[in-house]
Amino acid sequence: MPSRQLEKIYEPQAVEARWSQHWLDQGYFTAKSGAPAESYTIVIPPPNVTGSLHIGHALNSTLQDILIRWRRMQGRNALWLPGTDHAGIATQNVVERQLHEEGNSREQLGRDAFIERVWTWKEQSGNTIIGQLKHLGASCDWSRLRFTMDDGLSKAVREVFVRLHQDGLIYRGERLINWCPRCLTALSDIEVEHEQLKGKLYHIRYPLADDPNTFLTIATTRPETLLGDTAVAVHPEDPRYNQLIGKSIRLPLTSRTIPIVGDAILVDREFGTGAVKITPAHDFNDFEAGQRHQLPHLSILNYRAQIDPEGLEKAEVEPSLRAQLVELPVGKARTIVIEALQAQELLPSIDDHQMAIGKCYRCKTVVEPFLSPQWFVKIQPLADPAIKAVETGEIRIIPEAWSNNYLGWMRGIKDWCISRQIWWGHRIPAWYCTTCYPEVKQVEQGAGSSIIPPNATPIVGRTEPSTCPTCHNAEFIQDPDVLDTWFSSALWPFSTLGWPDETPDLKTFYPTATLVTGLDILFFWVARMIMMGLKFTGKPPFRDVYIHALVRDAEGQKMSKSKGNVIDPLTKMSQYGTDALRFTLTSMASPGRDIKLSEERIEGYRNFTNKIWNAARFILMNADGKTEALPFHDRPLIDRWILTRLNYVIESVNTSLENYRFDQAASQLYHFIWHEYCDWYLELIKPALLAGDTPEGRSTRHTLFESFEILQRLLHPLMPFLTEEIWQAIPHEGESIVIQAYPTSQKDWVDPKAEEAFHIIEQVVTITRTGRALLEYGPSKKLTLYGTAKDPNQVSQLHTLITYLEQLGRGELRVTEQDDWPTDHVLRLIVGGFTIGIHIEGEVDLKKALDRIRKQTQAKQKEATRLQGRLASVDFTAKASPDVIQESKERLEALTAELSLLSSSEQQLQRMV
RNA sequence: GGGCGGAUAGCUCAGUUGGGAGAGCAUUGCCCUUACAAGGCAGAGGUCGCAGGUUCAAGCCCUGUUCCGCCUACCA
């Protein structure tokens, strides 16, 4: 057994680098396809290739790593599959920004060169985050690293698209969609972030066509879209207006006349004036109303959200106004329109109004409803089974409260717009015949998808078609759009394992066990994985979805670069050690609550790592002594006690992890290691260790090594580096802690009597120390102590525990049958039926001691009074359970005894003062 | 507008079938006791947001209410 000297303070840096590399070299994280053990799979939420590790990743990855390391140690065939996401819009924006800085643009480069540029950049810096995950200790199977745009995954994407199209679940059509005028692409509904802000509600007078001196006043938040109005609506049952239905309005600022229609869905009689303009091309509600009344669409904005000259013409806007408006951004156009209306006295009032506007989730630009041809997934048939899977509990969402969120969204789900007018991503596998649709040739000049007629028939397939089924031509142009990034992410749990091929990996590791993610991508990602997984594999992609908290800064603000409140996990890792950061995040991962991360907390757990480190040093100091493994029941009292406690912690940590209560597991380990193992056990065994080669010493030494080794294994998933370093230094069997068995509780390691005995030690030692503190006797001052109890059994217990009590009480203990100790010069204290006396010697500030005793007396008196009141209550004695009554009685009895002794101590001190 | 969560010690948070209010950090006093001063020991500190209700008993259950946060939504 080698004795090894450890440094006085734990220095994580070198340790982490060494083990990190070693684990990879040994291939401990590589899962084996077809291995006999039951598999346990987690697929990583693939971080963006553009990204670097932020604190949210650190939390997310730490929790996954804990689960994976724990299951691996339990003997499961554990696979944690890593990878990255191409993150269409986000990545394209990053590279475009680079180009911009070089005075270049993607349009100048052209599509192919631009995509090549993105790939180059991806190869160069795309794996930054992978390296950072390794630093964190993430035990991913790096040999299976995937990327959403690698060949295998791209094949899966095409396969899914083609099959959905065959099933009639993908269609192309012209719809009003959310459009980002900066990214120049369509967005899905959930890619729009809504923001509350103070806006204005404009009241505008529309003259009736047959009576220009009579006006119908409407209310709107977007006066500039008036130019695109194609009707005005009132409520059909509104007596103020319903006689106007069927008549016409002269649309201000234009030479057009538009109808007045009745619409009970669109119009809320209580709101505004009860009359509303209908602009089908610029508002989702109006679009639907337009369909109900067969109104034309009149788009007055171009794809950059500027006033479109062609639109102005079609809208028959007054020529003088046209010149002012052409190509103006929508905001400025509003000002002009308002001025024009005011000039004609058509704008009687402007009210303040709370409203929500939508912003692009990638670039925060205000999105516009925009009419354009797009690809959609018909979602209802996919959503129904996905709803059922969660309702039946086939998929569990943890914490369960989020299930309602999921179900609510799924039940109201709308078709998913999956086409994006960007270049970086999976190109839509649809082609158009250049003979049938000659205009599509312009696509190659970069004109984009708007060139393709909305009702053109695409040929969808896994590869480019050879001949057109209509005209037998063989020349095609592929649809220029790419798929929403989340389309490929939705396939992640099975595409990464080889689907659509029936690979051994797919058979071994699918369905996966647990998905660990944040709430922010429940709809973007989780819901869609469930739908796609059920549709294409017939199985739910995972059993459990664990949703963890969002990490905020110490003030509770969302961390963001612009706010400058980002806590960089890598900095903290090098400052305090990776294990300290991991443990901090783990301990704060309580369900349903955001994490406000503070530096002090990390520092506190850094101290914890050091505490464990020093316990290891202490243990290694004793590594040369002889050991003897005795059967549990023959071991010394304290050994039996600590093993009983250890057994309990093993059980509770396992249970906590089963229930995804990472916070509980962390606090159970923290409390046990620090406050039971170090504070009491290591202190209590010192006499036995120092006594040299005695039977007790040999057994204790054995228990010490054994329990500490188990503790390292128990802690390993939470603190992988520290535990490996210590485990390698202490007596152990095996080559690495990573692949050792996770501790399980043992039936025979339970001794309630040892726990009782320890409880006596704890009580007596604590009261002795309290006495010392009262008298201000420092721990190094040896004292004469007395001990007795009313019950003779308790007295004999004191006798058996005398060595422990002397060790921690730091004095010579005289146990007597009764309190026949000197009346003066002994301070008497009572606890749990025991009376403890401390001999008063030397100069002591008795007044101070007296004050503090009085304070204690007061507190106890208060409690006693309350208990007396309760026991005197007739209702209580009649209705409370016998156990509760008994407990109260015992507690009061003990309090009374303590109080009487305290008062005699008080009198005694009074005499001495 | 709807839904959800939170409000407990100076700060950050636990508190799982309703019965003596807890932890970490910070703080006070004593102590470098031979693993650890990034430590040890002993303390101080709370009308559990507010108001009602159920109960012998409420941080916990019910009703209402205030403030904060999140999700969601087509009041133009």
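In this text, all values refer to a predicted model and were calculated from it rather than measured experimentally. Every chain is numbered from 1 and lettered A, B, ... according to where its sequence line falls, protein lines coming before strand lines.
Residue whose closest nucleotide on RNA chain B sits further toward the 5' end, between A:Val192 and A:Ser667: A:Ser667. Toward the 5′ end of RNA chain B lies the nearest nucleotide of A:Met588, the other residue of the pair A:Met588 and A:Phe618 mapping further downstream.
A distance-only check finds no donor-acceptor pair linking the side chain of A:Asn659 to the backbone of A:Arg661 [under 3.5 Å]. Judged by distance alone, the side chain of A:Ser873 and the main-chain N or O of A:Phe876 form a donor-acceptor pair under 3.5 Å.
In terms of the side-chain hydrogen bond (donor to acceptor under 3.5 Å, both in side chains) criterion, residue partners of A:Glu863 (sequence neighbours excluded) are, by chain and number, A:Arg891. For A:Ala264, the side chain to side chain contact (heavy atoms under 4.5 Å, CB included) criterion is met by A:His235, A:Pro236, not counting sequence neighbours. For A:Lys611, the side chain to side chain contact (heavy atoms under 4.5 Å, CB included) partners two or more places apart in sequence, or in a different chain, are A:Trp674, A:Cys678, A:Asp679. The salt bridge (Lys or Arg N to Asp or Glu O under 4.0 Å) test applied to A:Asp229 returns A:Lys277, not counting sequence neighbours. Residues meeting the side-chain hydrogen bond (donor to acceptor under 3.5 Å, both in side chains) test with A:Gln291, sequence neighbours left out: none. Residues forming a side chain to side chain contact (heavy atoms under 4.5 Å, CB included) with A:Asn610 (at least two apart in sequence, or on another chain): A:Ile9, A:Tyr10, A:Trp613, A:Asn614. In this view, A:Gln886 and A:Glu890 satisfy the side-chain hydrogen bond (donor to acceptor under 3.5 Å, both in side chains) rule, not counting sequence neighbours. Partners of A:Phe271 under the ring pair (Phe, Tyr, Trp, His ring centres under 6.0 Å) rule, at least two apart in sequence or in another chain, are A:His353.
Distance check on atom C1': B:rA14 versus B:rC60 gives 14 Å, rounded to whole Å. Using P as the reference atom, B:rG49 and B:rU12 are 15 Å apart when rounded to the nearest Å. Comparing B:rC13 with B:rA37, their P atoms sit 31 Å apart, to the nearest whole Å. The C1' atoms of B:rC75 and B:rG18 are separated by 45 Å, rounded to the nearest whole Å. On the P atoms, B:rC74 is 23 Å away from B:rG69, given to the nearest whole Å. Taking the C1' atoms as reference points, B:rA9 lies 39 Å from B:rG1, given to the whole Å. When the C1' atom is used for both B:rC11 and B:rU63, the distance is 33 Å, rounded to whole Å. Nucleotides B:rG22 and B:rG46 are separated by 11 Å at their C1' atoms, to the nearest Å.
Pairs engaging residues 764-783 of chain A under the side chain to side chain donor-acceptor pair (under 3.5 Å) rule: A:Glu776-A:Lys848 [sequence neighbours left out].
Nucleic acid contact class of A:Ser888 (heavy atoms, under 4.0 Å, all strands): none. Nucleic acid contact class of A:Asn404 (heavy atoms, under 4.0 Å, all strands): none. As judged by a 4.0 angstrom heavy-atom cut-off over every strand, A:Leu522 is placed among residues making no nucleic acid contact. Nucleic acid contact for A:Phe523: sugar-phosphate only, since backbone atoms but no base atoms lie under 4.0 Å from a heavy atom of the residue. Across all strands, A:Gly274 comes closer than 4.0 Å to base atoms (heavy-atom distances). If you check every strand for non-hydrogen atoms under 4.0 Å, A:Lys8 touches sugar and phosphate atoms only. Nucleic acid contact for A:Val267: base, since at least one base atom lies under 4.0 Å from a heavy atom of the residue. When heavy atoms are screened at a 4.0 angstrom cut-off, A:Leu774 is found touching no nucleic acid atom at all. Within 4.0 Å (heavy atoms only), A:Phe284 reaches no atom of the nucleic acid at all. Looking at heavy-atom distances under 4.0 Å, A:Ala615 makes contact with a base. Contacts of A:Arg772 with the nucleic acid, taken as non-hydrogen atoms under 4.0 Å apart, are absent.
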Report the C-alpha separation of A:Lys359 and A:Val192 in whole Å, then their side-chain angles, then the decisive distance to 0.1 Å, and conclude whether the side-chain contact (heavy atoms from CB on, under 4.5 Å) test is met. CA-CA 5 Å; A:Lys359 293 186 169 182; A:Val192 178; 6.0 Å; no

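Put simply, the side chain of A:Gln664 and the base of B:rU16 share a donor and an acceptor less than 3.5 Å apart.
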For RNA chain B, the dot-bracket pattern of Watson-Crick and G-U pairs whose distances stay under 3.5 Å, | for other-strand partners: (((((((..((((.....[..)))).(((((.......))))).....(((((..]....))))))))))))....

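Among the nucleotides B:rA76, B:rC36, B:rG20, the one closest to the side chain of A:Ala219 is B:rA76. Nearest to the side-chain atoms of A:Arg661 among the listed nucleotides B:rA35, B:rG15, B:rG43 stands B:rG15. When the nucleotides B:rA35, B:rG43, B:rC41 are ranked by their closest atom to the side chain of A:Thr770, B:rG43 comes out on top. Considering only side-chain atoms of A:Arg769, the nucleotide from B:rC36, B:rA76, B:rA42 that sits closest is B:rA42. Residue A:Met355 places its side chain closer to B:rA76 than to any other of B:rG39, B:rA76, B:rG20. Side-chain proximity of A:Arg891 to the nucleotides B:rC74, B:rC36, B:rG20 is greatest for B:rG20.
Ring planes of A:Tyr677 and A:Phe672: tilted class, angle from 30 to 60°.
To the nearest 0.5 angstrom, A:Ile685 atom CD1 is 10.0 Å from A:Gln807 atom CD.
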Summary of protein contacts for nucleotides 23-33 of chain B, nucleotide by nucleotide, where a base hit scores B, a sugar-phosphate-only hit scores S (4.0 Å, heavy atoms): -SS---S-S-B

Can you give one letter per nucleotide of nucleotides 56-63 of chain B, 5' to 3': B if a protein heavy atom sits under 4.0 Å from the base, S if only from the sugar-phosphate, - if neither? B-------

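Contact annotation: A:Lys414 side-chain N/O to B:rC74 OP1/OP2 distance is under 4.0 Å.
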